[in-house]
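In what follows, a single structure is set out as structure tokens and then discussed.
Quick note on labels: first sequence line is chain A, next is B, and so on, each numbered from 1.
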Amino acid sequence: MLLNVIRRLGVFALTVFVASVVVFFLLGILPGDPARAQLGLQASEEQVQALRQQLGVDRPLPVRYFEWITGFFTGDMGVSYASRTPVAPQVLDALQVTLLLVVGGIGVAVLIALPLGILAAVRHHRPDGTLFSALSQLGISIPNFLAGLLLIAVFSVALGWLPSGGWQPPVAGVDFLRHIALPALALGLVNGAILARYTRAAVLEVMREDFMRTARAKGLKPGAALVRHGLRNALVPVVTVTSIEFANLIIGAVVIETVFVIPGLGSTLIRAVANRDLIMIQSIVMCVVVLVLLVNLLVDLLRPVIDPRLRSAS
Amino acid sequence: MRKQDAGSVTAAPRTTARRSRRRGGTPLVIAGGALVSLVLVMAIVSLVWTPQDPTATDAVNRLAGPSPSNWLGTDGLGRDIASMVLAGSRVPLMVGLGTVAVGFTIGIPVGIFAAMTDRGAGMWVMRGNDILQAFPALLLAIVLAAVFGPSTLTAVIALGLGLAPGVARVVRSGTLQVLSREYSLAARAAGRGPLYLAVRHVLPNIRGILIVQASVGFAIAILAEAALSFLGLGTPPPAASWGRMLQDGQSVLQIAPLTVLWPGMAVAIAVLGFNLLGDGLRDRFDPRMEVTR
Amino acid sequence: MTVDLTHKLLSVENLTVSAGSDQLVHGISFEIFRGERVGLIGESGSGKSLTCLSIIGLLDGGLSAEGRIMFHHIPQEPVSPEAETHAHNLLSADENKLSGIRGNRLSMVFQEPMTALNPLMKVGDQLSEVIRLHRPKTKDLKAEVVQLLSSVQIPNPVHTATVYPHQMSGGQRQRIMLAMAMANGPDLLLADEPTTALDVTVQKRVLNLMAEQVESAGSSLLFITHDLGVVSEVCDRVIIMRHGRIVESGPMERVFTAPEHPYTRSLLAASSLETHPGTQRLVTLESASADEAGTQESFEPTSAPPPRTATERHQPRVEHLTMTSGGEAPVFNRVDDPVISVRDLTRTYGKPRLFGRNNPVQALRGVSFDVALGQRFGIVGESGCGKSTLLRLLTALDEPTTGSIEVSGSSIVGRPERQLRWLRESMQLVFQDPMGSLDPRMNVTEIIAEPMHRASRAERRFRVDELLEQVGLPAGSAEKYPHEFSGGQRQRIAIARALVTRPKILIADEAVSALDVSVRAQVLNLLDDLVDEYQLTLVFVSHDLNVVRHTCDVVAVMNGGRVIECGPADAVMESPHHPYTAELVAAIPRLREGAS
């Protein structure tokens, strides 16, 4: 068990390393010379050389990579090309906001998905089960930013109940909740629909298992058999999908933040892209990738807790 | 004799189940096919005719309601919404096609290779594949748009690269299944090489999975393209785009909420069509849901 | 156990099971008395399992049962005076009533022990659940679970209660299922092919255990199986089903010694691999071939007339050798001019994992033997004995860890594929699973001609037509696809593919194990003919000693990755030297033994 955890941590570290090389290649090397890009073609060679030195891009690639990656994990992400201010504080602030939003979104998604998916599976040959399936199908097909726009149109524009955008930190209490409600709902609705479909499929599959027939043969009624034997088994694939959904949710947050004007990683990223602020983009992308990998790791560690078959695998 | 019923028991329900699944999948396939055809027809029609010029602005006639000349009204710049929605159907379809083409060109060979060298190189290929899956397609598209500037081609390449790891994974598991069947062993025992196996046994038998992947890929690509254009990182103007129409619509959401409704519905219909098609085909080919997103 | 023939326990009256408009069971009726052990026998598609599932009310959603299944009260424990004659119709009972009966008065053991237990729940909890469900006032659940576990001879029951199903073997899991079914002392135990998925030696033990449990609890038993040998070990009375109808029923002894119905007669003959006295060919059920060809049914057991030329092949001059107790393995079946020569073969599978340890599995631990030209060499062993690994090595589909394999004097170890072309042409394979061994997306011509690398279209067509005739398939089969054929016909196609290059050696891997007994006899006869006609050297792998004994001259018994005994087939079977072989031979369910 412990060995298994250590092995997974090792794999995680290696994965993060490879991913960081990819990010470094994509944003540190591929775009070319940042100094020339910032100063334009008119600038003299000396000016460019000077800026190169200042930005530190005149040194060999391995050194630059090593400096960037150690900096990244120690909270020194370099200086923004655009604003000439340190990147790290901006990224960390934005990260907090995005995390709150994503957690809210996951919460909404799970609250929708589990009951809806189980119901749709149990009643899959009845009209209401079919209706739930159709609803989730529709939910998947709506882009989350459209869901956001529609929510604004209804709850802010038409009803005036909730703000159409902006952000308040959690210390603001009710105001925080009022601001996070619509974006979290927009995020959670669509991802909840996806999750609901996987839940439905997982429950349907479990209901066909031999051990469910055994449970019935023991004298359990269909509902009791599902609750006592089916749901936990269905949870195994659902948890895996949730981790994959998490990546979708983070990337969905990028768009949702733009819709609701929330100062998270997404809107910061979009602004950085507009400014071609590559060092900022690099840090944010790395942040997102590490976050996704972390969640995958957590789920990998969690699955043996649910499923004893995975425990003795090591 | 011991295995007798193991063989016959799994064999019999499999055929009956497949028959009923085929019947069960059909309404979904028809509904999905109809929606996809609708979008296709829109795209083809828009090549030769739109009610108005989708790019022509009209400063006087801004945010107008539906009228005989502007069926769905006009947007904040006075452009005809109906024409823009029609013309906007071309880009998503092209992006979908390009994404699936890129994703398949990379994903299928990688998946088959990984399966055929499962104990050696394939294991490392799949490790790399897992790492790439940590880069969501949309994030990749944003990054590439930042590096190379926003364009449809950048979007297609990024989304295709984003799709490929998922395709590779599904193809790998399908191929492993085919390779574990005794007919693959028989082919090897008959001296047939890996290329023959891939072409004659693997591809025909994973055809169903691939068709499903293609329609799911289309749906994902259309959603992602809309999101990119919404963020201003997709198809640049003047080409009409549903995503950018939604972005334009957001600024006038307070006054004219209908301007987001029409392009929004268009995106939803296109995505729903491909999703339904994929679902129906999946019911027909493969009862298990593959996790691909 | 005395059967109480005055008290009916279960009466099935005019039971019909249908899937939509397809009727699968056609109005069958039978009764089970108190304490009676009834075997319900049939080949695949006979409706035996559907009958069983109808009784416990767990048919799949798409199936519906009609008729009456009356479940009678036990007279000793009348709930009220009128309950004496009272009975429930299980088919019309509501869910409340049924769930009170299931697992309590009526319980069931399923075929597949690997999937029948909840993988996420400890074994002890799964057992205590069924007790708690029907006897909620039970005081010491834990003790009762341990008691149950030890009653089915699970070693270390206290520990086992805290273990998950995947940590147990198939045989152990089936004992858990049995314990679960017997936990509340049921009046009737349904067992649907409970030992079909188990190895013979394990099967023997589980069967004995089941008979013992049923006897001590005074329960009745309905035992569903395709295996007549198994039935004769546990049942008093048998019911023979075919195509959804009962063709014969009666006391086991009578049915097995003096069967009335022709189908029963041929089934018995096919099961015991009875040979025609004059020709040495297996007696087959002509009706089964009539089914495949689609002609009129007839129940007369027949056998094809051509007499076998090489009848003396059953007396091979082979030394009968055994592995010494020290584990020293001799070269078995050593001959002067071997076609196949295997020396000190080992194969170890490691599990290379990133940051992981190697968990090596020794599939083969030093195997040496020869196979002579024209010999029929049988390999017998239970699952996990290494026989599949050995086959993969013999056919150069896998590389040995150490050791050598020579075919016709040339080594096949460590050769790249292009140097093995001669081997691919001279050695072919027939597999077990008639579903999986044919690509569903290829037609019969493409399948059979697959090993013909550089043949012209006309050559292929000619050879395929020739082979179709030789394996007894209609000429129109060439353009058809595998799903249009029955299991036996598919196996014929597989045999045709194996012979298309006119190989010298044919390797058959459990080639008849997945077939119904009546079809099995036909395929074995066909194989027999073709081996003679093509002058093949046959390597025949099976878990079934009877089949190997019939088919082969020499048999090698494998266990734990080694050949432990090898010699003339009859000698090994009749006077096994190694204790494991003796156990294996003793475990074979014997048809007549139980009857007499």
Side-chain angles (χ1 to χ4, degrees), chain A residues 2-15 17-18 121-126 204-237 239 300 303-314, chain C residues 52-53 56-62 94-122 125-127 129-134 162-167 173 176-177 180-181 183-184 186 190 192 351 353-357 359:
Chain A
L2 184 68
L3 207 75
N4 199 21
V5 171
I6 292 170
R7 200 180 67 220
R8 289 212 183 279
L9 285 175
V11 173
F12 172 74
L14 192 75
T15 311
F17 166 71
V18 176
V122 172
R123 307 180 67 87
H124 69 281
H125 48 261
R126 306 240 179 96
L204 273 180
E205 188 148 335
V206 164
M207 292 200 309
R208 282 194 291 264
E209 293 275 0
D210 280 358
F211 61 80
M212 290 299 284
R213 197 174 54 181
T214 306
R216 297 286 308 283
K218 277 177 168 181
L220 284 168
K221 288 174 199 162
L226 184 67
V227 171
R228 282 157 78 165
H229 294 274
L231 290 185
R232 190 159 162 218
N233 276 283
L235 199 63
V236 177
V239 163
D300 269 357
R303 285 191 323 158
V305 177
I306 306 173
D307 189 343
R309 282 168 297 185
L310 300 170
R311 280 175 224 163
S312 52
S314 63
Chain C
C52 176
L53 288 171
I56 200 167
L58 292 176
L59 279 174
D60 280 349
D94 64 3
E95 192 54 46
N96 268 331
K97 188 93 220 165
L98 281 175
S99 50
I101 293 175
R102 287 188 200 123
N104 190 13
R105 295 190 52 212
L106 174 63
S107 62
M108 181 157 174
V109 176
F110 298 95
Q111 173 175 353
E112 225 358 287
M114 304 314 267
T115 53
L117 290 165
N118 184 347
L120 305 189
M121 207 168 169
K122 285 174 187 160
D125 295 343
Q126 303 197 41
L127 277 170
E129 183 179 35
V130 72
I131 302 171
R132 220 177 33 230
L133 209 54
H134 299 287
T162 64
V163 144
Y164 289 96
H166 71 274
Q167 293 162 289
R173 292 190 211 190
I176 301 290
M177 284 300 290
M180 205 183 276
N184 296 317
L190 306 171
D192 186 1
K351 285 185 190 160
R353 289 171 93 172
L354 208 53
F355 297 104
R357 304 159 300 171
N359 237 349

- If you look at every heavy atom in I56(C) and A217(A), which pair is closest and at what distance?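 Heavy atoms of I56(C) and A217(A) come nearest at CD1-CB, 4.0 Å.
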
- Task: Identify the heavy atoms of P308(A) and P119(C) that sit nearest to each other, and give their distance.
- Result: CG-O, 3.4 Å

Against chain A, work out which of [options] has the most heavy-atom pairs shorter than 4.5 Å and name it.
options	answer
G103(C), A183(C), P165(C), A181(C)	G103(C)
L117(C), V130(C), N118(C)	N118(C)
H134(C), M177(C), E129(C)	E129(C)
D60(C), L120(C), I101(C), N104(C)	L120(C)

- Task: Please state whether the side chain, the backbone, both or neither of L53(C) comes within less than 4.5 Å of a heavy atom of chain A.
- Result: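 Only the side chain of L53(C) comes within 4.5 Å of chain A.
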
- Query: Are the charged groups of E112(C) and R213(A) less than 4.0 angstrom apart, N to O?
  - Reply: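 No, no charged N to carboxylate O under 4.0 Å.
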
Taking the side chain as every heavy atom from C-beta outward, state whether [X] and [Y] have any atom pair closer than 4.5 Å.
X	Y	answer
Q126(C)	K218(A)	yes
L220(A)	S99(C)	no
R216(A)	E95(C)	yes

- Task: Examine the side chains of K221(A) and N96(C) and answer whether a donor and an acceptor come within less than 3.5 Å of each other.
- Result: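 Yes, because at least one side-chain N or O of K221(A) sits under 3.5 Å from a partner of the opposite role on N96(C).
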
- Query: Backbone N or O of A116(C) within a donor-acceptor pair of the T214(A) side chain at under 3.5 Å?
  - Reply: yes

